[in-house]
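Scroll down for the structure; my scribbles are underneath it.
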Amino acid sequence: MRARPLAVPGAFAFEANAHHDVRGELQEFFREDVFRAATGRTFRLAQANTVVSRLGALRGISVATAGHAKYLTCTDGAVLDALVDLRTGSAAFGSWHLEHLDAERRTSLFVPPGVGHATLALADRSSVTYLLSELHRPEKFLTIDPLDADLAIEWPPEPASVVVGNSLSLVEALDRNLLPGYSA
């Protein structure tokens, strides 16, 4: 397994190793030793979820308002994942990185606290599995509109549907002081 730092500070991609034999294959998508060496931190696992999306579904930029990290991988189909630095006070605030994830390569992403992410399903029934460092509590999350012009994420043209829930614009979230702060 290899780690690769991304343009959003503190975010990493992890390239899986596949082990093949006559039965099929095994792909590692998380190793604590590789994760710790790359990030300098441990990952506390509190919950694991899988989200299945139909072709063209764009799920809004989800961000925890405090101390919540994610580690995710695409286990079926393919998605385009956008990581967005939403940490007020970060020198990279508002920057984003797009990463293509698919079931064949099983690249995984580490999303540090204060960094949001959105997914666009590139195939029907695309599945993303999330490891969460804290229990998911909806009241501790907010959703930023993934099509917000102030972020200008370069999505492929015309997603089939947008799943954003009660999404806010970046300006609204800033005006309401809802975004997490940056701590180095």
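Here the structure is a predicted model, which is why all the values come from computation and not from measurement.
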Kindly determine whether Leu170 and Leu179 satisfy side chain to side chain contact (heavy atoms under 4.5 Å, CB included), including the steps that lead there. CA-CA 9 Å; Leu170 183 61; Leu179 296 174; 3.9 Å; yes

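- With values rounded to the nearest 0.5 angstrom, Arg36 atom CZ is found 13.0 Å from Arg41 atom CZ.
- The aromatic rings of Phe110 and Phe43 stand perpendicular to each other, their planes meeting at an angle above 60°, with 30° marking the opposite boundary.
- Leu122 and Val79 make their closest contact through CD1-C, 3.8 Å (heavy atoms, listed as atom of the first residue, atom of the second, distance).
- Annotation: side chain of Leu101 is not in contact with side chain of Val128 (no heavy-atom distance under 4.5 Å).
- Both Leu72 and Leu83 are part of a single hydrophobic cluster, where members link through side-chain heavy atoms under 4.5 Å apart.
- Summarising the local packing, CG of Asp33 is surrounded by more than 12 heavy atoms from other residues, nucleotides or ligands at distances under 6.0 Å.
- Annotation: Arg125, atom CZ; neighbour count of heavy atoms from other residues, nucleotides and ligands within 6.0 Å does not exceed 12.
- Ring pair His136/Phe141 is tilted by interplanar angle, where 30° to 60° counts as tilted.
- Scanning all heavy atoms of the two residues, the minimum distance from Arg87 to Gly114 falls at CG-O, 3.3 Å.
- Looking at Val34 and Phe12, their side chains never come closer than 4.5 Å, going by heavy atoms from C-beta outward.
- A continuous path of hydrophobic side-chain contacts links Leu120 to Leu151 [ILVMFWY only; heavy atoms under 4.5 Å].
- Contact between Ser167 and Ile144 at its shortest, heavy atoms only, is CB-C, 4.0 Å.
- Under the 4.5 Å side-chain criterion, counting only non-hydrogen atoms from C-beta, Ser169 is in contact with Asp148.
- Of the N and O atoms on the side chains of Thr129 and Thr73, not one donor lies less than 3.5 Å from an acceptor on the other residue.
- Taking OG1 of Thr143 as the start and CD1 of Ile61 as the end, the distance is 9.0 Å to the nearest 0.5 Å.
- Around CD of Glu104, the count of heavy atoms belonging to other residues, nucleotides or ligands within 6.0 Å does not exceed 12.
- Note: the hydrophobic cluster containing Phe35 also contains Leu45 (ILVMFWY, side chain heavy atoms under 4.5 Å, direct or indirect links).
- Note that CG of Leu131 is 10.5 Å distant from CD of Gln47, once rounded to the nearest 0.5 Å.
- Within the model, atoms CG of Leu86 and CZ of Phe93 stand 6.0 Å from one another, a figure rounded to the nearest 0.5 Å.
- Within the model, atoms OG1 of Thr107 and CD of Gln27 stand 9.5 Å from one another, a figure rounded to the nearest 0.5 Å.
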Show your reasoning for whether side chain to side chain contact (heavy atoms under 4.5 Å, CB included) applies to His97 and Asp81. CA-CA 8 Å; His97 172 83; Asp81 199 287; over 6 Å; no

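- Asp85 has its side chain within reach of Pro9: a pair of non-hydrogen atoms, C-beta onward, lies under 4.5 Å apart.
- Nearest heavy atoms, Ser133 versus Ala46: O-CB, 3.5 Å.
- The aromatic rings of Tyr71 and Phe30 sit perpendicular to each other, their planes meeting at more than 60°, with 30° as the lower class boundary.
- With hydrogens and angles ignored, the 3.5 Å screen pairs no side-chain donor or acceptor of Ser127 with any backbone N or O of Asp76.
- Across every non-hydrogen atom of Ala78 and His100, the tightest pair is CB-NE2, 4.0 Å.
- Using a 4.5 Å cut-off between side-chain heavy atoms of Ile, Leu, Val, Met, Phe, Trp and Tyr, with links allowed through other members, Val111 and Leu58 fall into different hydrophobic clusters.
- In terms of modelled atom types and a separation under 3.5 Å, the side chain of Arg106 and the main chain of Glu28 share no donor-acceptor contact.
- A salt bridge links Glu99 with Arg4: at least one charged nitrogen is closer than 4.0 Å to a carboxylate oxygen.
- The two residues Ile153 and Pro146 make their nearest non-hydrogen contact at CD1-O, 4.1 Å.
- Under the 4.5 Å side-chain heavy-atom criterion for grouping Ile, Leu, Val, Met, Phe, Trp and Tyr, Leu142 is connected to Leu174 within one hydrophobic cluster.
- Counted by atom type alone, His68 and Arg137 present zero donor-acceptor pairs between their side chains at under 3.5 Å.
- Taking a 6.0 Å sphere around CD of Glu154, one finds it holds 12 or fewer heavy atoms contributed by other residues, nucleotides or ligands.
- Taking NE2 of His117 as the reference point, atom CG of Leu109 lies at 8.5 Å (rounded to 0.5 Å).
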